[in-house]
*Asks:* 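The structure follows.
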Amino acid sequence: METAEFKGQVADLQARVEADFLDITSLDDLTLFFQRYLGKKGELSVLLKSLKAFSPDEKKVVGPLIQKVKTKLNADFVAKRDTLELAVLNEKLKSDWIDVTKHEEVLTGNLHPLSKVQRRIEEIFHGMGFEVADGPHVEKEWTNFDALNIPASHPARDMQDTFFVKTGSDDPHENSVLRTHTSPVQIRRMLERGAPVRMICPGRTFRNEDLDATHDAQFYQFECLLLDEDINLSHLKGVLERFLSEFFEKEMKIRIRPGYFPFVEPGLEIDVWFEIPGKKGKWLELLGAGMVHPNVLKAGEIDADKYQGFAFGVGLTRLTMMKYEIDDIRFLASSKQDFLGQF
Ligand code: PHE
């Protein structure tokens, strides 16, 4: 090859390299570009190899020409690669970006209002030295009635519309009922550990009632039993007033009326004065109470000459409805999120 021809080829190559270089917009383009010109079989490499054919003097003329093209091409290539790689990295960073300061709304659960009230009651009574007891929902007829001084013939058995769990037996120790109140836990506690006793028992109770906004076939009560030496009605009044005032976070007025429950003597009905802001106040029947009947102490194997005490049973469901101004008991058994989410 003549040196003139070689010079022409170098000039031609340089022109094409410059034009092609301008078209590179991606790393893929760049790879193709490299293969075409700089790779082992690339045009520049081939042209460099053809230098061999020239004499040393000719080489001195044409060598620097092609070296100049090669040096520039290498430098341009590296610069282009760096720019394109940086652009790819930036693009990736943009799409992978996480805003750690962004506030996402997270839905959390909350306690059922009945559970909240139960916990609060337990807290208040713990503060007065009471323990929290538990008993089964399916109770022996004996514990639910007989031991509480309600014999089979007693009309009080019908007073509480009982769900019987039929066994075909007449023996109250075998027959079962869904407990109609939490009072059988009094008997369980006495038989288990004797006196003295300071306990409350919150739990579910069942009665076969006509259902409406204030009656459900299952509701919650809590029982309170205190047995010790020299206990009288003033202790009952003191404990109740303290409890109600702490629970409603203000001083509560109560009204005590005579009432009849076979398991207490005397028996009392206790109402509480209740006001909702903007509405007329009224007396609400809240609980039954009294001094534990000697027959009940006997069934619980307690020495009635040494110990006596009081018991009461409160509508926990009713307390909940009062506290949260819920006017329909059926909401409590619904699983409606817009209701439950308010607590
Ligand atoms: N067990 C009664 C009821 O459910 C309430 C009560 C409990 C009354 C303890 C007196 C003493 O109606």
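Remember, it's 1-based here, ligands and their atoms both numbered in the order they're listed. A quick note: this is a predicted structure, and the numbers were derived from the prediction, not measured. Start at 1 with the first residue, then count along the sequence.
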*Asks:* Is any NZ, NE, NH1 or NH2 atom of the basic residue among Glu2 and Lys7 found under 4.0 Å from an Asp or Glu carboxylate oxygen of the other?
*Replies:* no
*Asks:* Pull out every atom of ligand 1 sitting under 4.0 Å from any heavy atom of Glu223, numbered as shown with elements.
*Replies:* 7 (C), 9 (C)
*Asks:* Using a 4.0 Å cut-off to any heavy atom of Gly313, which atoms of ligand 1 qualify?
*Replies:* 6 (C), 7 (C), 9 (C)
*Asks:* Which of the atoms in ligand 1, numbered in the order shown and given with their element, are less than 4.0 Å from a heavy-atom of Phe312?
*Replies:*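 Listed by number with element: 7 (C), 9 (C), 11 (C).
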*Asks:* Is the positively charged end of Lys336 above the ring of Phe331, judged by distance under 6.0 angstrom from the centroid and angle within 45° of the axis?
*Replies:* no
*Asks:* Could you say whether the N/O atoms of His181 and ligand 1 ever approach to under 3.5 Å?
*Replies:* yes
*Asks:* Check ligand 1 against Ala311 and write out every atom of the ligand that is under 4.0 Å from a heavy-atom position of the residue.
*Replies:*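 By the 4.0 Å cutoff, the relevant atoms are 9 (C), 11 (C).
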*Asks:* So if I count the atoms of ligand 1 from 1 in the order they appear, which ones are less than 4.0 Å from some heavy atom of Gln221?
*Replies:* 3 (C), 4 (O)
*Asks:* Rounded to the nearest 0.5 Å, how far apart are CG of Leu284 and CZ of Arg318?
*Replies:* 5.5 Å
*Asks:* Are Phe263 and Phe145 close enough that their ring centres sit under 6.0 Å apart?
*Replies:* no
*Asks:* So does Asp271 pair up with Arg257, basic N to acidic O under 4.0 Å?
*Replies:*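 Yes, this pair counts.
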*Asks:* Would Gln186 count as being in polar contact with ligand 1, using the rule that some N or O on each side must be under 3.5 angstrom apart?
*Replies:*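 Checking ligand 1 against Gln186, no N or O pair falls under 3.5 Å apart.
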*Asks:* Any ion pair linking Glu275 and Lys253 (charged N to carboxylate O, less than 4.0 Å)?
*Replies:*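 No, this pair does not count.
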*Asks:* Examine the proximity of ligand 1 to Arg207 and report which part, side chain or backbone, both or neither, has a heavy atom under 4.0 Å away.
*Replies:*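 Side chain only.
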*Asks:* Taking the minimum heavy-atom distance to atom 6 (C) of ligand 1, which of Pro262, Gly290, Gly288 ranks first?
*Replies:* Gly288
*Asks:* According to a 4.5 Å side-chain heavy-atom criterion applied to Ile, Leu, Val, Met, Phe, Trp and Tyr, with indirect links allowed, do Val272 and Leu236 form part of one hydrophobic cluster?
*Replies:*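 Yes; tracing contacts between hydrophobic side chains, which count when under 4.5 Å, links both residues.
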*Asks:* Answer yes when Glu123 and Arg119 have at least one side-chain N-carboxylate O distance shorter than 4.0 Å, and no when they do not.
*Replies:*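 No, this pair does not count.
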*Asks:* Run the contact test for Phe263 against ligand 1 with a 4.0 Å cut-off on heavy atoms, strictly below, and give the result.
*Replies:*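 Judged by the 4.0 Å heavy-atom criterion, Phe263 does count as contacting ligand 1.
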*Asks:* May I ask you to list the atoms of ligand 1 that are less than 4.0 angstrom from any heavy atom of Ser183?
*Replies:* 1 (N), 7 (C)
